Structures are given as C-alpha cells and as structure tokens.
**Student:** 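I'd like to ask some things about the structure below.
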Amino acid sequence: MARFIFITGGVVSSLGKGLASAALGALLQARGYSVRLRKLDPYLNVDPGTMSPFEHGEVFVTDDGAETDLDLGHYERFTGVPARKTDSISSGRVYTNVLEKERRGDYLGKTIQVIPHVTNEIKDFISIGEDEVDFMLCEIGGTVGDIEGLPFFEAIRQFSQDKPRGQCIFMHLTLLPYIKASGELKTKPTQHSVKELRSIGLAPDILVCRSEGPIPQKEREKLALFCNVRPDSVIAAQDLKSIYEAPIAYHREGMDQAVLDAFGINPAPKPNLSKWDDVTDRVHNPEGEVTVAIVGKYTQLEDAYKSIAEALTHGGMANRVKVKIEWVDAELFDREDPAPHLEKFDAILVPGGFGERGTEGKIKAAQYARENGVPYLGICLGMQMAVIEAARNVAGLTKAGSEEFDHEAGERRFEPVVYHLKEWVQGNEKVNRSVADDKGGTMRLGAYDAVLTEGSRVAQIYGKTAIDERHRHRYEVDTSYKDTLEEVGLKFSGMSPDGKLPEIVEWPDHPWFIGVQFHPELKSKPFAPHPLFRDFVRAAKEVSRLV
Ligand code: GLN
C-alpha cells in the first residue's frame with residue numbers, strides 16, 4: 001500500500017507548490033521508488049477546461065482525455081509518469097459527484113453533509129489506485145485558510161487517521177519574506193500559517209520555506225521550535241535560475257532525506273541523480289542561443305502557454321542552446337505588416353487557441369514564415385491557420401476560413417476549410433457531438449493514434465510512422481480539400497488511422513514548416529525532449545548560424 005505525502009501551502013499563493021511536489025516525486029524516483037502525483041483543487045469549476053487561460057494558465061490534457069490543472073504538466077515533466085483523469089479533482093467535481101449520488105438515492109435518505117459525505121468523496125478519490133505505487137503525493141491547491149479548501153484539509157486529516165500510523169505525512173510550503181530595512185528573513189507569517197493548520201488538526205512534518213537567499217541557522221531553529229518540526233525538516237527552497245535545478249537543489253537541502261526520515265525509512269536507499277545532473281548541466285551550459293517568436297493571443301500571461309515554453313526549453317537542451325522566447329500579440333498584425341516584427345526571429349511558433357480574435361494575424365505569421373523560409377511550428381489552431389493560409393494564398397481559395405469563426409454570424413463569411421467535427425472514431429468506438437452540447441468536454445480530447453507518410457519529414461523526425469499524441473479541439477481540417485492543397489505542395493503527412501482526420505501538414509520544399517493538429521508540448525520532458533521540438537530548435541539553430 002502506498003505511503004501518502006500531503007502538500008499544502010500557506011502565507012501566499014504562487015509559491016511553487018506544484019513544482020516542489022514534482023521535484024520531490026523525481027527525488028523519490030531517483031531512490032528507486034514508484035510515485036504518482038495528484039492535485040486537489042478547491043475551486044468550484046468542475047474542471048479547468050472552461051476557464052480562460054488568463055484565469056488559470058493552460059489546460060493540461062491527459063492521455064485519457066481529462067482537462068486538468070497545469071500542475072499536472074509539472075508532475076509529468078519531472079517524473080515522466082503519464083497523468084490520468086483520476087489524478088485531478090476540484091470541489092466542483094466533488095460536489096457534482098455527491099449531488100448525483102444524492103439524486104440517485106445512493107445515500108438512502110440521509111441528510112447530506114460536508115462531513116462525512118463530501119469528505120468521504122475526497123478520501124475515495126485520494127485512495128484510487130493506492131496499491132499501485134510506493135508513494136502517492138497529493139497537493140492541495142490554494143492556501144490554508146481559504147474557505148473552499150476546508151473540506152479538503154478535513155478530508156486529509158481524517159484520511160491520515162484512517163490509515164495505520166506512519167503512513168501519511170504532511171509537507172507545508174510557506175514564504176519567508178526578506179525585510180530589507182532590518183536585513184532579516186521573517187518567520188512570523190510561517191508561524192501563523194502553521195498555527196492555522198494546527199487549528200484544523202494538521203501538524204506539518206516538513207516545512208519547505210521559499211526565500212530569496214539561504215536561511216540562517218538561527219531562523220531554522222526558530223521555525224523548528226515555534227512550528228513544532230525538527231530543524232532538519234526545515235527545507236530552504238531558494239529562488240532558482242531554472243525550475244529544472246529544483247530536484248538537485250532540494251536534494252542538497254535534504255528534502256527527500258527528511259521525507260524518508262518522517263516515514264521512518266532507515267536505511268534509506270541511495271539516490272541516483274545522474275539524469276538530473278545532466279539536465280542541470282544542459283540548462284547551465286548552453287553553447288548558443290536562438291530566439292523564437294510565439295505569435296499568440298494570451299501573450300500577457302506566460303502560464304497560458306506553459307507546456308510550449310517548457311517543450312522549447314527541452315528542445316534547446318537537446319541542441320545545447322538557450323531558447324529565448326518572445327511573445328508577439330497576433331492582433332498586432334491586424335494593423336501592421338508582420339515583416340519588421342518577425343524578421344529578427346530564428347523560428348516562429350503559432351500555438352493553440354480558441355475563437356476568431358487574433359486569427360488573421362496568425363495567418364499572416366504563417367504566410368511570413370512560408371514565404372521567407374523561417375522554421376514554423378503550428379500547433380492545433382496554429383496548424384489550422386497554416387492550412388487556411390495555404391488555401392487562400394497558394395491554392396487561390398480566397399475565402400478560406402474556419403467554421404469556428406462563422407458560428408455567430410448568420411451569413412457565411414468563409415469557405416470552411418476547417419469545419420466542426422461532430423462524429424469520429426476513438427479506438428473502436430464512435431463518438432458523437434453536437435453544436436448544442438455544453439462547452440465543457442465536447443472536444444476531441446486525449447490521446448489518438450496517427451499514421452505518418454513514409455519518407456516525410458515528420459516520419460524522419462519521429463523515426464517511426466505510428467505515433468500517438470494528445471488532442472484538444474472541436475474543429476478539423478476538411479479532407480475534401482486535401483487533393484487541392486497537396487497539388488500546390490502542402491503535404492498531409494500524418495492522418496488518423498482511418499484516413500479521415502488530418503493530423504499533420506508540412507511544406508516539404510520549405511526548410512522546416514510543420515503544422516500538427518495535436519499538442520506535442522504536453523509530452524515533452526527535460527530528460528526526453530519531444531522529437532518535434534528537438535528538431536524545430538535544431539532548425540532554428542541552423543537559421544541563426546546562417547545569419
Ligand atoms: N479552436 C480550435 C479548435 O477547437 C483549435 C483548438 C486548439 O488550438 N487547441 O479546433
């Protein structure tokens with residue numbers, strides 16, 4: 001049966017709880033253990049799928065088609081363990097499940113209450129698959145004291161009592177603010193945060209303290225004394241240059257040792273950190289730099305494209321270059337010629353997105369890349385825009401567009417080269433969707449197979465012709481335009497196994513121009529960069545050498 005580590009946060013949000021959890025997962029793996037990471041989010045949305053990226057950053061999609069919190073992306077990037085639907089839950093989902101059971105009469109006429117019905121639902125979620133791994137790490141979103149978080153804190157308190165002694169530990173992440181005037185790191189907010197936790201029955205075993213610099217011994221001892229933890233269980237989490245330094249940095253601080261000590265695991269297996277030493281070395285010692293433009297809509301909030309930024313970093317690590325990302329607002333090209341804005345870049349990436357705003361600018365970015373031989377990677381909407389660009393400017397279908405942008409309008413403005421897909425096949429099953437369905441969960445979501453054309457650039461890049469990648473979209477490139485577009489040179493080099501859905505397009509006579517209907521960024525890892533990102537950065541590096 002798994003041992004459980006519950007990770008909570010205090011003082012302020014955005015301390016990097018997800019990252020600390022992911023790094024701890026990697027450290028336990030380095031000692032030979034199997035791990036699974038879970039996120040419990042107190043907000044009331046049923047899942048983040050319908051939240052704006054401005055609200056919540058990107059939506060991370062799992063192989064089994066769940067739209068989850070971006071922290072699951074960190075978990076996967078650090079541990080390589082593919083996340084599942086059952087690794088992410090929100091209050092909205094918990095309450096929906098409870099209320100559905102109530103309507104079905106499952107509670108046999110009982111009064112439904114937070115304790116025990118809601119807390120039982122949370123506990124059931126936590127224990128899914130508990131026999132499969134050595135350690136289950138459960139991160140509670142938000143900060144202690146949040147009203148929505150209370151049922152989760154109560155549930156983990158009960159859970160630790162339900163289990164045999166010594167099977168659950170609690171790790172609390174806080175901030176030690178540095179006060180310049182007195183030149184001191186302040187422990188009081190952490191003391192208050194721990195007091196708050198203890199008032200709801202939770203006593204942390206380990207404190208992870210974010211701080212700008214090292215924590216002096218005096219402050220460590222003070223924290224240990226006032227927060228009732230052992231001094232060697234006060235872990236300093238200093239600001240890092242790269243998130244990929246975290247496993248090594250936290251190991252040096254003794255995080256994994258403190259966790260094993262808290263469980264009484266003695267002697268502890270020795271860690272093998274060579275994978276992370278290599279990752280850190282690649283991050284710290286690049287041999288050059290390339291600059292990539294991401295032409296998107298949510299450019300003010302980098303978290304909206306978190307996995308893409310990380311996958312580019314991984315591509316850079318594979319090629320030993322630093323990838324500098326510049327965010328370009330696609331709407332800029334509604335007003336201005338893209339050339340002067342784009343000419344300084346070694347490559348252009350157009351990411352996924354929803355809705356019409358900014359799409360004409362993305363089409364112009366694709367045109368600029370095609371005409372000027374600049375490496376272009378179009379992801380999901382970025383592929384659809386590249387296809388529309390080819391249809392309009394090369395195949396002469398001047399009214400080409402996507403059905404997505406004609407939804408509201410009575411009269412059709414575009415010829416729908418990209419159309420709303422309502423029926424498709426997943427594995428052996430048929431899936432149906434209608435325009436009238438809810439916005440939540442009506443997309444082609446999760447892993448789908450694709451077959452690549454023998455000899456195509458993508459087949460070379462992947463080194464195989466059968467792949468599977470994660471999807472999240474409602475619209476598809478219409479295969480009835482395939483012949484017309486192939487005649488002018490845009491090749492459909494990846495298709496769904498039944499040949500009905502275009503998965504990849506490429507311009508073979510261009511130095512590097514690929515559009516993919518799926519999201520390769522979701523599967524990239526620092527120690528196993530995704531082949532498309534690895535090769536995209538390689539192409540960018542070649543361009544930067546030429547200049
Ligand atoms: N809006 C497009 C669609 O639904 C693209 C989605 C995306 O880029 N993830 O098909």
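Whatever order the structure lists ligands and atoms in, that order sets their numbers, starting from 1. The model shown is predicted, which means the values in this text are computed figures rather than measured ones.
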**Student:** Would you please indicate yes or no on a ring centroid separation below 6.0 angstrom for Phe536 and Tyr376?
**Tutor:**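 Between Tyr376 and Phe536, the centre distance exceeds or equals 6.0 Å.
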**Student:** Ring centroids only, cut at 6.0 angstrom: are His519 and Phe60 within range, meaning strictly under it?
**Tutor:**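 For His519 and Phe60, the ring centres are not under 6.0 Å apart.
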**Student:** Any carboxylate oxygen within less than 4.0 angstrom of a Lys/Arg side-chain nitrogen, looking at Arg470 and Glu76?
**Tutor:**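 Salt bridge flag = yes for Glu76 with Arg470.
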**Student:** Please assess Lys364 against Glu389 for the test salt bridge (Lys or Arg N to Asp or Glu O under 4.0 Å), listing each intermediate value before the final yes or no.
**Tutor:** CA-CA 8 Å; Lys364 284 193 189 149; Glu389 192 279 316; over 6 Å; no
**Student:** So, for Glu503 and Phe518, which heavy atoms are closest and what is the spacing to 0.1 Å?
**Tutor:** OE1-CD2, 3.5 Å
**Student:** Evaluate the ring planes of His471 and His473, with Trp represented by its six-membered ring, and classify them as parallel (under 30°), tilted (30 to 60°) or perpendicular (over 60°).
**Tutor:** tilted
**Student:** Which protein residues have a heavy atom under 4.0 Å from ligand 1?
**Tutor:** Gly352, Gly353, Phe354, Cys380, Leu381, Gln384, Glu404, Arg472, His473, Arg474, Tyr475, His519
